[in-house]
Protein chains: 2
Amino acid sequence: MSDPAPGLNSAQLGAYFALMEVSSLLQYAVDEHLRADGDLSWVQFQILARLTDAPGGRLRMTDLADGVVYSRSGLTYQAGLLDKRGLITRAPSPDDERSVMVTVTDAGRALVGQVLPGHVDRVRQLLIEPMTGTDVAALSAVLGRVRDHMRANPPRSAKPRAGRNRAG
Amino acid sequence: MSDPAPGLNSAQLGAYFALMEVSSLLQYAVDEHLRADGDLSWVQFQILARLTDAPGGRLRMTDLADGVVYSRSGLTYQAGLLDKRGLITRAPSPDDERSVMVTVTDAGRALVGQVLPGHVDRVRQLLIEPMTGTDVAALSAVLGRVRDHMRANPPRSAKPRAGRNRAG
DNA sequence: TATTGTTATACTCTATAACTATA
DNA sequence: TATAGTTATAGAGTATAACAATA
């Protein structure tokens with residue numbers, strides 16, 4: 001388990017470096033497409049996509065922050081941009097007046113619909129294409145487990161209030 | 001996941017989402033540590049690490065840009081910061097007066113040595129620990145193949161001069 | 001008091017284009 | 001002309017802290 005040696009062996013290093021490089025390249029490519037095709041940042045796209053998938057097309061800011069952003073103000077900033085463009089609306093929640101319910105507008109759904117095909121194309125072309133079906137299944141399973149582990153063991157300094165603390 | 005994105009099945013989507021989330025969380029954790037322990041950004045750490053690994057501790061700016069940064073000016077900026085802190089030096093290459101040779105200083109090596117253990121700790125704790133040895137090997141192999149594919153098939157808009165074009 | 005969200009502010013980083021110098 | 005690198009500039013994004021309002 002815990003390798004007593006100070007470093008990582010070559011397979012471990014290989015996994016680490018490959019992960020970082022693949023994700024960086026994919027992120028860059030995808031970001032670029034979203035910007036060109038829909039004038040959306042990655043974060044903005046994620047917000048819209050999550051809302052589109054949510055029942056009623058709406059979520060609280062807090063739910064939205066979770067996993068999308070690392071600070072509350074960052075989400076407020078991005079939501080402000082989407083709001084300004086008419087892609088979402090924000091209104092106080094009836095249940096809890098402190099909360100803000102964010103809702104995708106028709107324009108927001110339309111934009112997601114416009115951008116999604118090209119987005120998926122890039123992901124398939126860059127990430128999926130070089131893998132076999134077995135590879136994809138294995139990758140999904142392994143990284144899913146890693147993700148669960150990361151959520152359960154957040155970095156020590158994880159802020160009590162910022163996003164990403166899904167473990168609690 | 002009401003209606004899966006057109007063209008990607010759930011395993012493919014799962015692999016995509018897990019990859020993005022895992023890399024995001026890992027990046028965040030690692031970045032945070034580097035900042036706290038050595039006042040280094042991820043890019044700066046990569047520059048220093050690459051130089052430390054290079055023969056003679058030196059590389060040309062162009063070699064350094066390759067895979068670390070997406071624009072030349074970005075590298076100049078980061079190198080400028082490292083230079084100011086005495087962690088690297090820059091001098092025109094004797095071979096080609098257009099090139100700049102970047103060299104790690106002793107202070108730069110010392111800082112890498114100071115930061116590396118904690119860095120490795122985080123990577124192991126977050127990424128390696130939840131995987132079996134077989135998982136690690138499989139992840140490394142699959143992502144290595146994906147990385148090679150991405151390098152060989154850069155996004156259409158890849159700039160002719162910016163970094164990341166290792167395909168040639 | 002704790003939680004939800006916004007705002008003000010300052011800062012880091014990035015990218016584009018114009019520029020210099022060398023090949 | 002093409003390549004290597006820097007600089008000026010401008011913009012996007014982020015984080016922290018102070019803030020208001022509700023629970």
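Below, chains carry the letters A, B, ... as their sequence lines are ordered, and counting in each starts from 1.
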Within this structure, what is the [atom1]-to-[atom2] distance between [X] and [N], rounded to whole angstrom?
| X | N | atom1 | atom2 | result |
| --- | --- | --- | --- | --- |
| A:Arg35 | D:dG11 | CZ | C1' | 10 Å |
| A:Arg72 | C:dA2 | CZ | P | 14 Å |
| A:Trp42 | C:dC13 | CH2 | P | 22 Å |
| B:Tyr77 | D:dG11 | OH | C1' | 14 Å |
| A:Tyr70 | C:dC13 | OH | P | 17 Å |
| B:Leu59 | D:dA4 | CG | P | 14 Å |
| B:Asp31 | D:dG13 | CG | P | 18 Å |
| B:Asp39 | C:dC13 | CG | C1' | 14 Å |

From A:Ile88 CD1 over to A:Leu111 CG, what is the distance, rounded to the nearest 0.5 angstrom?
12.5 Å
Distance criterion of 3.5 Å, no angle test: do you see the side chain of B:Ser73 paired donor-to-acceptor with the base of C:dT16?
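For B:Ser73, whose side chain was compared with the base of C:dT16, there is a donor-acceptor pair (under 3.5 Å).
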Which word best sums up how the rings of A:Tyr70 and B:Tyr28 line up, parallel for under 30°, tilted for 30 to 60°, or perpendicular for over 60°?
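Aromatic pair A:Tyr70/B:Tyr28 classed parallel.
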Partner residues of A:Arg90 under the side-chain hydrogen bond (donor to acceptor under 3.5 Å, both in side chains) criterion, sequence neighbours left out
A:Asp83
Output the residues of residues 91-101 of chain A in contact with DNA chain D, where contact means a heavy atom of the residue under 4.0 Å from an atom of the strand; sort by number or write none.
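A:Asp96, A:Glu97, A:Arg98, in order of number.
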Neighbour count >12 (heavy atoms, 6.0 Å) for atom CZ, B:Arg109:
yes
Indicate the atoms forming the closest heavy-atom contact of A:Met61 with A:Leu75, along with that distance.
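Taking A:Met61 first and A:Leu75 second, the nearest heavy atoms are O-CD2, 3.1 Å.
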On the nucleotide C:dT12, are OP1 or OP2 found under 4.0 Å from the side-chain N or O atoms that B:Gln78 carries?
no
Which nucleotide, C:dC13, D:dG5, C:dT6, lies nearest any side-chain atom of A:Arg90?
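For A:Arg90, the side-chain atoms sit closest to C:dT6.
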Side-chain donor-acceptor pair under 3.5 Å between A:Thr132 and A:Asp135, yes or no?
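A donor-acceptor contact under 3.5 Å links the two side chains.
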Quick check: on DNA chain D, is the nucleotide nearest A:Leu81 upstream (toward 5') of the one nearest B:Ala79, or the reverse? Name the residue that is more 5'.
B:Ala79
Apply side chain to side chain contact (heavy atoms under 4.5 Å, CB included) to B:Asp31 and list each qualifying residue two or more places apart in sequence or on a separate chain.
B:Gln27, B:Arg35, B:Trp42
